[in-house]
Asks: 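Okay, handing you the structure first.
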Amino acid sequence: MQTKGWGVIGASTIARQYMIRAINAQPDSRVVAILSGSEQRARTLADEFDVPRTYVDLDAFLGDPDLDVVYVSSTNERHKAETIAAARAGRHVLCEKPLALNLADAQAMIRACQEADVVMGTNHHLRNAATHRQLRKMLKGGAIGKPLAARVFHAVSLPENLQTWRINNPEAGGGVILDITVHDTDTLRFILGEEVCEVTAMQAAQGMGTDGVEDAVMGVMRFESGLLAQFHDGFTIGHAGTGLEIHGIHGSLIAEDVMTQRPVGRVYLQSDDERFEFTPPKREDLYTRAVRHFNRAVDGDGTPSATAEDGLRSLAVALAVREAARTGRCTKVQYG
Ligand code: NDP
């Protein structure tokens with residue numbers, strides 16, 4: 001088995017809290033380099049995880065001969081240029097969500113990866129959760145009959161250390177819609193196996209968002225089958241907990257504490273007056289599973305757990321939600 005060298009772009013919180021560990025947890029991959037705009041930030045992160053090299057220049061970083069895969073974890077407005085540069089340098093790319101700030105940029109990134117014949121994936125972690133995989137399996141197996149409605153509860157309290165560009169910088173892709181609604185969309189698409197056609201939404205700034213950046217959104221997505229999905233995403237809700245429900249003709253799937261980065265949560269099947277727990281016994285770190293599947297895709301075995309196309313689709317829905325919230329109009333999702 002050949003070891004893949006991963007390079008991390010961005011001395012980010014997600015890299016430090018989850019992704020570097022997830023890459024180094026694989027028998028066939030290792031983080032070999034970190035790129036940051038600050039030598040000090042890169043060095044601090046590299047020292048924490050024994051990463052051998054740091055860079056402050058993108059070209060020098062991409063010239064590192066041990067680099068096979070690039071993980072793009074910078075702020076959202078940087079994803080496009082960094083992904084395209086990595087692809088042109090022949091590196092596979094796992095890019096954070098949202099892929100970009102608009103659809104044309106995301107399409108250009110995907111095209112660059114296709115032209116360079118490298119694998120591109122989107123780091124939508126939630127579809128790697130055992131709970132969401134269980135929901136998908138039960139739905140497919142007919143546990144609740146035809147699904148009619150879904151509800152996603154994903155309003156949380158944004159930790160203090162993340163109250164930076166997310167709440168005050170629209171140019172960096174701040175705001176709860178590009179941050180969280182993309183995850184709701186990907187998770188629903190994954191579980192339901194269908195696409196969103198149109199959306200309505202209202203947004204608000206309820207104490208955190210400034211400079212026109214929303215920190216709360218509620219809305220409804222209409223799926224191809226006619227299913228309606230209601231969602232609530234927020235940065236200022238400290239005590240609600242998270243969850244996802246799917247309601248069908250013969251029963252409901254209720255999942256609690258599942259819109260999270262950690263491998264936790266419970267899954268129930270409710271029908272008539274009975275509620276049975278179907279929480280999957282086997283749990284795995286979501287990001288570790290994502291990296292394993294990405295490495296396999298690089299080896300020609302399958303696809304990343306969330307592909308570049310999945311990232312494009314979640315972005316398209318989030319952009320439609322933003323448009324709907326700004327105009328007050330029901331908005332059709334434009335995928336291309
Ligand atoms: P951070 O705010 O922690 O880091 C983003 C960038 O900000 C870094 O690349 C870094 O730039 C810069 N930065 C970090 N600390 C400082 C500082 N003290 N002063 C100045 N600049 C600083 O971002 P997140 O980790 O929260 O998010 C990064 C990306 O990952 C985003 O695209 C986000 O949407 C995504 N994300 C995905 C998650 C998932 O589960 N899939 C979860 C969380 C985030 P530099 O490159 O110069 O070091």
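Both ligands and their constituent atoms are indexed starting at 1 by order of listing.
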Asks: Is there a polar contact, in the sense of an N or O pair closer than 3.5 Å, between N76 and ligand 1?
Replies: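 Right, the criterion is met.
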
Asks: Heavy-atom distances under 4.0 Å decide this one: backbone, side chain, both or neither, for Q261 against ligand 1?
Replies: side chain

Asks: Counting only nitrogen or oxygen atoms and a 3.5 angstrom limit, does I14 reach ligand 1?
Replies: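 I14 vs ligand 1: N/O contact under 3.5 Å present.
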
Asks: Any idea which of Q17, R166, H125, H183 brings a heavy atom closest to atom 43 (C) of ligand 1?
Replies: R166

Asks: Taking the minimum heavy-atom distance to atom 40 (O) of ligand 1, which of Y71, Y18, Y287 ranks first?
Replies: Y287

Asks: From the options G10, S73, A172, P159, select the one whose nearest heavy atom is closest to atom 28 (C) of ligand 1.
Replies: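 Shortest heavy-atom distance from atom 28 (C) of ligand 1: S73.
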
Asks: So which of A15, S74, G37, S12 gets nearest to atom 29 (C) of ligand 1, if we judge by its closest heavy atom?
Replies: S74

Asks: Taking the six-membered ring where the residue is Trp, are the ring centres of H183 and H124 under 6.0 Å apart?
Replies: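 Here the rings of H124 and H183 have centres that are less than 6.0 Å from each other.
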
Asks: Which of the atoms in ligand 1, numbered in the order shown and given with their element, are less than 4.0 Å from a heavy-atom of H79?
Replies: 32 (O)

Asks: Quick one: look at W165 and ligand 1, take heavy-atom pairs under 4.0 Å, and tell me if it's side chain, backbone, both or neither.
Replies: side chain

Asks: Could you list the cluster mates of I110? Members are the ILVMFWY residues connected by side-chain heavy atoms closer than 4.5 Å, either directly or through other members.
Replies: I84, L99, L101, L103, M109, M120, L178, L312, L315, L319

Asks: Could you tell me whether L162 approaches ligand 1 through its side chain, its backbone, both or neither, with non-hydrogen atoms closer than 4.0 Å?
Replies: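 Only the side chain of L162 comes within reach of ligand 1.
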
Asks: Between the candidates E77, E96, K97, Q163, which shows the shortest non-hydrogen contact distance to atom 34 (O) of ligand 1?
Replies: K97

